[in-house]
Amino acid sequence: MTSLTEQAAAVAAGKISPVELVEQSLREIERTQPILNAFTFVRDAEAMAEAKEMDGAPPSGPLHGVPIAVKDLYDVAGLPTTGCCAAYLDRMASSDSPVVAKLRNAGAIVVGKTNMHELAFGATTQISCFGGARNPWDTTRIPAGSSGGSGVAVAAGIVGMAMGSDTGGSIRLPSAMCGVTGLKPTHGSVSLRGALPMTASYDTGGPLAVSADDCALVHQIIAGFDSQYVYSTSGQQLPATAERILLLRNWVDGASPDVAASVGEAASVLRRAGFTVDEATGPNPLNTRDIVAALLTGEFAHHFRDLWEDQRVSEPIRMLMNVGRQLTAPEYAAGREASLRMRLDLLALFEHADALLVPGAPYAAPRIDEVDNLTESARSTVFTLPVNAAGFPAVAFPIGFSEEGLPLGAQLIGPPWSELRLCFVASSYQRETDWHMRRPTVAP
């Protein structure tokens with residue numbers, strides 16, 4: 001499976017038809033679903049009908065005839081929006097969410113909805129009423145979460161792009177552990193109306209794809225102010241150019257040795273690509289983790305107050321809801337204050353740099369039988385959660401493999417409205433390397 005932009009260009013040039021692309025995608029879903037469990041619903045008949053209508057028709061947009069997938073928290077008309085929670089299996093969507101509508105208006109064909117950690121509160125994608133998703137590089141490993149199915153679908157070559165959401169790392173962690181590229185945008189820059197929330201003041205929506213160029217294209221399609229979404233914001237997109245990058249040494253040193261070494265090599269590649277890469281000490285990424293837990297669980301409990309007594313919700317997720325229900329206003333306020341402090345601390349670094357280079361996940365994907373679904377979120381989000389607390393954008397991208405052959409990832413963090421700048425830097429790195437083009441062999 002080539003990248004999203006390559007598929008779109010091939011369709012535009014008449015080298016391949018929408019029908020052929022959709023057939024390939026559906027065939028791969030059928031072949032890999034028993035192995036990877038990446039999907040919750042498949043639109044096989046509907047997707048093929050849409051592809052036939054587009055075949056030979058004038059281009060409807062920059063993604064004309066290209067198959068994509070979306071995380072099962074976005075409304076897709078005619079399908080349930082479950083959040084992989086048994087309590088929502090009958091929650092049928094009557095219309096598309098704005099994100100899905102914009103992608104369809106751009107010509108994309110939704111072939112299915114992807115598996116995720118239940119109600120997006122988790123980093124393993126093993127708590128799901130559809131069963132856990134598996135990492136295509138090693139099916140005994142987690143794909144991370146909560147957008148695990150989206151990461152799996154792209155890594156396995158099923159689709160060139162799958163939509164995810166990111167509240168504490170849910171796009172960037174699957175990107176790192178599955179070996180794909182993912183963009184977490186500025187908070188509020190993409191409308192999440194018509195999508196199940198987790199913690200709305202941290203929630204963001206973005207793509208998991210093959211390349212940074214893919215992510216930039218998708219972001220330009222889906223971003224925009226929505227007057228009907230209370231968290232929507234607007235701002236001026238920064239130019240897609242950059243010169244100065246800061247590697248945050250204390251963050252890198254907090255990662256596993258193989259991740260730290262690969263981030264260091266990524267810095268060298270960026271220097272060869274013409275960027276100035278210096279080192280600095282950033283704010284302690286652990287400063288936010290424990291304090292903002294109150295904010296995360298408090299808002300989560302608020303959003304899903306209709307499920308407080310519903311026994312169809314899994315026990316770990318009910319436990320998180322109960323924690324949120326028992327929080328005090330001062331504890332929530334402390335989480336908000338810690339978020340603002342991280343925002344100011346990171347903003348100060350951008351006086352000296354266009355982007356910050358840090359690890360994505362702190363380690364390669366752990367084994368399914370070795371993770372605790374409640375504690376893994378705290379362990380794995382050490383470098384991603386501070387970015388959500390600040391509300392800033394970040395792009396995650398592959399930077400190599402562990403000794404066990406598992407993907408490793410880094411992320412570039414930028415100030416608000418720097419999504420295209422971050423994708424420019426990541427794309428420059430990807431022109432010098434081929435980590436993002438490597439794909440696993442998924443066999444029974």
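Keep in mind that what you see is a predicted model, and the values were worked out from it rather than measured. Each residue takes its place number in the sequence, starting with 1.
- Interatomic distance, T288 OG1 to R343 CZ, rounded to the nearest 0.5 Å: 14.5 Å.
- For the residue pair T186 and E419, a side-chain donor N or O sits within less than 3.5 Å of a side-chain acceptor on the partner.
- Atom OG1 of T233 sits about 7.5 Å away from atom NE2 of H187, to the nearest 0.5 Å.
- Shown here for L295 and S339, the closest heavy-atom pair between the two residues is CD1-OG, 4.2 Å.
- Within the 4.5 Å cutoff, no side-chain heavy atoms of R43 are placed close to those of L26.
- Ion pairing between E315 and R318 fails under the 4.0 Å rule for side-chain N and carboxylate O.
- Separating the CG atom in L422 from the NE2 atom in H219 is a distance of 10.0 Å, to the nearest 0.5 Å.
- The existence of a salt bridge linking K52 and E20 is excluded, since no basic side-chain nitrogen approaches an acidic carboxylate oxygen closer than 4.0 Å.
- Within a 6.0 Å radius of CZ in R341, no more than 12 heavy atoms belonging to other residues, nucleotides or ligands are found.
- Separation of the Y429 and W435 ring centroids does not fall under the 6.0 Å cut-off.
- In this structure a side-chain-to-backbone donor-acceptor pair under 3.5 Å is missing from D226 to P98.
- The side chain to side chain donor-acceptor pair (under 3.5 Å) search around Q326 returns none, not counting sequence neighbours.
- Sorted by first and then second residue, the side chain to side chain donor-acceptor pair (under 3.5 Å) pairs with a member in residues 146-171 read K71-S146, K71-S147, K71-S165, T114-S150, S146-S170, D166-R172, D166-N388, T167-D203; sequence neighbours excluded.
- A donor-acceptor pair under 3.5 Å is absent between the side-chain atoms of E50 and the main chain of A47, judged by distance alone.
- Checking T181 against Q430 by side-chain atom types alone, a donor-acceptor pair falls below 3.5 Å.
- Side chains of R336 and S201: a donor on one and an acceptor on the other come within 3.5 Å.
- Under 4.0 Å is where a charged nitrogen must lie from a carboxylate oxygen, and between R141 and E404 at least one such pair does.
- In this model, a donor atom of one side chain and an acceptor atom of the other lie less than 3.5 Å apart for T40 and D72.
- Using a 30° and 60° split on the angle between ring planes, F304 and Y88 fall in the tilted class, from 30° to 60°.
- Taking 4.0 Å as the cut-off between side-chain N and carboxylate O, R31 and E28 count as a salt-bridged pair.
- Using modelled atom types and a 3.5 Å distance limit, the side chains of D138 and T140 yield a donor-acceptor pair.
- Separation of atoms OG1 (T5) and CG (D214) is listed at 4.0 Å; rounding is to 0.5 Å.
- No more than 12 heavy-atom neighbours from other residues, nucleotides or ligands sit within 6.0 angstrom of CG on D90.
- Once rounded to the nearest 0.5 Å, the distance linking CG of D75 with CE of M92 reads 11.0 Å.
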